[in-house]
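Read the numbers this way: they start at 1 and go in the same order the structure lists the ligands and their atoms. Here the structure is a predicted model, which is why all the values come from computation and not from measurement. Each residue takes its place number in the sequence, starting with 1.
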Amino acid sequence: AAALPDVADAKARRKPRKARPRSVDVVVVGGGLSGLTAARRVAAAGRSVVVLEARDRVGGRTLNHDVAPGRPVEAGGEYVGPTQNHVLNACREMQIGVYQAYFKGDSSYVADGQVTRYQGDIPPAALDLVGLQDLLSQVNGMADSFRVGEPWGHPQAAELEGQSVDSWLRSRGLLMTPRVHELVECLIEPSFGASNREISMLLFARFVNGSGDEQHKGTVERMLGGKGGGQDSRILGGSQLISLAMADALGAARVRLNAPVRRVTQAGGRLEVVSDAGTWKARKVVVAVPPPLAAAIDFQPVLPAEHRMLLQRSPMGALMKCEAVYDKPFWREQGLNGSAVVAGGYPMKVIFDNTPPEGGPGVLFGFCGGDSWRRFSGLPVRERRELVLRQFAKHVGPQALKAKDYFDMDWGREPWSAGGPVAIPSAGTLTGFGRWIRRPHGDVHFAGTETADYWAGFMDGAISAGKRAAREVLA
Ligand SMILES: Cc1cc2nc3c(=O)[nH]c(=O)nc-3n(C[C@H](O)[C@H](O)[C@H](O)COP(=O)(O)OP(=O)(O)OC[C@H]3O[C@@H](n4cnc5c(N)ncnc54)[C@H](O)[C@@H]3O)c2cc1C
C-alpha cells in the first residue's frame, strides 16, 4: 500500500503526450444503423474510415435486453415490415433472420374500464369509427399530395404545418368525438413520442407519405399496421444485432466507442474532427446522429443559419418502453395475442407481445409517450412497475401482476439519443427549413433516419440515409 503514492506521483510527473491526429478518408459521427451503414459502404469502396461513437456500444436507438440467457428482446426500435427493403436487405446481407410477430388470437380494446376482443388493426370503437376512418382517408389524401420526402411541396403545406393533429381534429366538428381524440392519441404517442397537440398535420402526412417504397404509396395503414404493415415482423436475435454485426465486420479499429465528437473544423479541403477519444483528420465527414445532437456539435465554419434552425427546431419525442417478463406467455392460452389499444386514463396507449421467438419467457411491453410520459416517467421504478403490471392485468388477467421481472427503457433520459423514437420538427420548421435536411455543409454530409425519404424515423430510413450519405462522399 505504501508504494501507491509513488506510482501516483510518477504518473502525475509524466507530461501528457499530445497524440498526433490520425488520418482517414472519411470520419463517420455516430455508430447507429445509419452511420454504420455509411461506414460499410465507404470501406467496401476501398477508402479508409472510422466511426466515432459517443456511447460504449453501437446501435443507437436499437438496444437488446436479455430476458433469459441468449434470449434478447428489444428495448428500442424493433419491428420491420413490407416495403422496408433497406433494413430487410441488411438483415439478409448480415445473415440475420426475420420472423413474423405474434398475431394469433384476439387483440384487446380497453375503453371505459371495459375490455373488448377484436381482430385486425382497428379497434371496435362503434360510432367513433366514422371519425377514425375520416381521419385515415384525409391523412392518406394529404400524404398523396407531395413528392416523397418533400412535404413542403404540398399545396397547403404552411396551413397544414400550422395545424396540430389536435386542432385539426377539433376543426372537423362533432365527427371527432372525445373518444376519437383518444384513439388518435393511441396512434400518435407511440409513433412520435408526443401528444396530438405537439404534432403538425404536415409532419403526420410526411411520415405517412414515406411509409412505402418506389413501387408502393405510403399509407397510414402500412405505417401503423400489424400484419402486412410496419409492425409485421421482428428480427431474430433482436434488432441491435444488425448494428453489432456491422460493427463486427468493420472491426474494432474502425469503430471507436466512448468517442463523442465535439468539434468539426474544415479548411482548405481538409477536415479535423475532435472527439473525447482523440482527433482525426479526414477528407469527408458523415454526421449520422439525431438532429438535436448534430446541433450541439461545434462546426467551424458554422452551419448556415437555415440548417442550424432546422436542427435546433427539431427536438426529439419523449418515449419509453415498459416491459414485464413472465414464465410463459400465458395470455396466448386464453386466445389472446397480447396486443391492446387503450383509450384514456392509463400510462400506456398500446401494448404488444414481446416474447422471444423460442416461445418463452413471456414478455409484454407497452409504449408510454408524450403527455403520458410526462406524468409517468419520473415516478420511482417501484411505482412504474406497479402501474404497468396493473395495466397489463386489465387485458390479460390478474396473472399479469405476478411478473418475474420488470424493466423499462426511457429514451427521453438518454443523453446520446436526446429522446425518441424520432425528431419532431416544430410548427413552421418543415416548410421554413426542411429543404436543408440533406444539404451538405462543405465536405460534411448528413445521414440519420430523419434525413430519409422513405421510412424516415424507422430503422429502414436510417439504413437508406446511410447509403445515400456514402454515395455522396464517394462521388
Ligand atoms: C422506443 C423506440 C421504438 C422504436 N420502434 C421502432 C420500430 O419498431 N421499427 C423501426 O423501424 N424503428 C423503430 N424505432 C426507430 C429506430 O430505432 C431509429 O429510427 C433508428 O434506430 C435510428 O438510427 P440512426 O442511426 O439514424 O440514429 P441513432 O440510432 O440515434 O444513432 C445515432 C448514434 O450516434 C451517437 N451519437 C450521438 N451524438 C454523437 C456525437 N456527438 N458523437 C458521436 N456519436 C454520437 C449515438 O450514441 C447513436 O449511437 C424506435 C425507436 C425507439 C426509441
Side-chain angles (χ1 to χ4, degrees), residues 27-39 50-63 74-81 84 86-88 101 190-193 211 223-224 229-235 239-240 242-243 246-247 255-264 273-277 285-298 316-323 352 354 365-369 373 408-412 414-423 446-452 455-466 469:
V27 168
V28 175
V29 184
L33 283 166
S34 205
L36 291 165
T37 300
V50 67
V51 178
L52 300 179
E53 164 54 49
R55 288 178 165 107
D56 60 1
R57 62 166 183 87
V58 294
R61 279 170 265 177
T62 61
L63 178 64
E74 289 86 351
E78 173 159 352
Y79 296 104
V80 294
Q84 296 186 351
H86 298 279
V87 66
L88 294 171
S191 307
F192 297 95
S211 297
M223 175 183 164
L224 299 168
Q231 281 62 238
D232 181 87
S233 298
R234 295 174 60 189
I235 289 161
S239 62
Q240 194 193 0
I242 310 175
S243 293
M246 287 182 177
V255 182
R256 299 297 299 256
L257 303 178
N258 303 304
V261 167
R262 310 292 181 179
R263 194 165 66 236
V264 177
V273 180
V274 178
S275 83
D276 290 7
V285 169
V286 173
V287 175
V289 306
L293 295 172
I297 296 173
D298 175 11
M316 304 297 283
L319 187 66
M320 62 196 295
K321 256 180 155 177
C322 307
E323 315 209 24
F352 295 98
N354 210 14
F365 89 82
F367 281 115
C368 174
W373 182 91
D408 52 32
M409 177 67 193
D410 189 348
W411 293 91
E414 281 287 292
W416 293 113
S417 292
V422 65
F446 291 86
T449 189
E450 280 79 8
T451 68
W455 294 105
F458 293 78
M459 296 186 282
D460 188 74
I463 292 175
S464 66

So if I count the atoms of ligand 1 from 1 in the order they appear, which ones are less than 4.0 Å from some heavy atom of [X]?
| X | result |
| --- | --- |
| Gly448 | 26 (O) |
| Pro421 | 50 (C), 51 (C), 52 (C), 53 (C) |
| Trp411 | 1 (C), 53 (C) |
| Arg55 | 46 (C), 47 (O), 48 (C), 49 (O) |
| Val289 | 34 (O), 36 (N), 37 (C), 38 (N), 39 (C), 45 (C) |
| Ala462 | 22 (C), 23 (O), 24 (P), 26 (O) |
| Leu319 | 1 (C) |
| Leu293 | 37 (C), 38 (N) |

Pairwise side-chain contact, [X] with [Y], heavy-atom cut-off 4.5 Å (strictly under):
| X | Y | answer |
| --- | --- | --- |
| Pro290 | Arg61 | yes |
| Pro260 | Trp416 | yes |
| Glu414 | Met409 | yes |
| Met246 | Val255 | no |
| Ile242 | Thr62 | no |
| Leu63 | Arg57 | yes |
| Leu319 | Trp373 | no |
| Ser417 | Arg55 | yes |

Quick one: which of Phe458, Phe367, Phe352, Trp455 gives a ring pair (Phe, Tyr, Trp, His ring centres under 6.0 Å) with Tyr79? Phe352
Does at least one non-hydrogen atom of Gly457 fall below 4.0 angstrom from an atom of ligand 1? yes
Does ligand 1 have an atom under 4.0 Å from some heavy atom of Gly59? yes
Are any of the N/O atoms on [X], whether in the backbone or the side chain, positioned under 3.5 angstrom from an N/O atom of ligand 1?
| X | result |
| --- | --- |
| Thr449 | yes |
| Thr62 | no |
| Lys321 | no |
| Glu53 | yes |
| Met459 | yes |
| Arg57 | no |
| Ala54 | yes |
| Tyr79 | yes |
| Val261 | yes |
| Leu33 | yes |

Do me a favour and list the nearest non-hydrogen protein atom to [atom] with residue, atom name and distance?
| atom | result |
| --- | --- |
| atom 25 (O) of ligand 1 | Ser34 N, 2.9 Å |
| atom 32 (C) of ligand 1 | Ala288 O, 3.4 Å |
| atom 29 (O) of ligand 1 | Arg61 N, 2.7 Å |
| atom 31 (O) of ligand 1 | Gly32 CA, 3.4 Å |
| atom 34 (O) of ligand 1 | Gly30 CA, 3.2 Å |
| atom 7 (C) of ligand 1 | Glu78 N, 3.2 Å |
| atom 5 (N) of ligand 1 | Gly77 CA, 3.3 Å |

Quick one: look at [X] and ligand 1, take heavy-atom pairs under 4.0 Å, and tell me if it's side chain, backbone, both or neither.
| X | result |
| --- | --- |
| Ala447 | neither |
| Phe458 | both |
| Val87 | neither |

Gap between atom CD of Gln84 and atom OG of Ser233 - 0.5 Å precision: 9.0 Å
What heavy-atom pair brings Pro415 and Leu293 nearest, and what distance separates the two atoms? O-CD2, 3.6 Å
For the residue pair Val264 and Val261, what are the closest heavy atoms and their distance? CG2-CG1, 4.1 Å
Under the criterion side-chain contact (heavy atoms from CB on, under 4.5 Å), I'd like the reasoning laid out for Arg234 against Asn354: C-alpha separation, chi angles, the key distance, then a yes or no. CA-CA 9 Å; Arg234 295 174 60 189; Asn354 210 14; 3.0 Å; yes
Basic-acidic side-chain contact under 4.0 Å: Arg262, Asp276: yes
Quick one: do Glu74 and Lys321 make a salt bridge, cutoff under 4.0 Å? no
Measure from the side-chain N and O atoms of Asp460 to the backbone N and O of His86, and report whether any donor-acceptor pair falls under 3.5 Å. yes
Tell me, with the steps shown, if Leu52 and Val29 meet side-chain contact (heavy atoms from CB on, under 4.5 Å). CA-CA 5 Å; Leu52 300 179; Val29 184; 5.6 Å; no
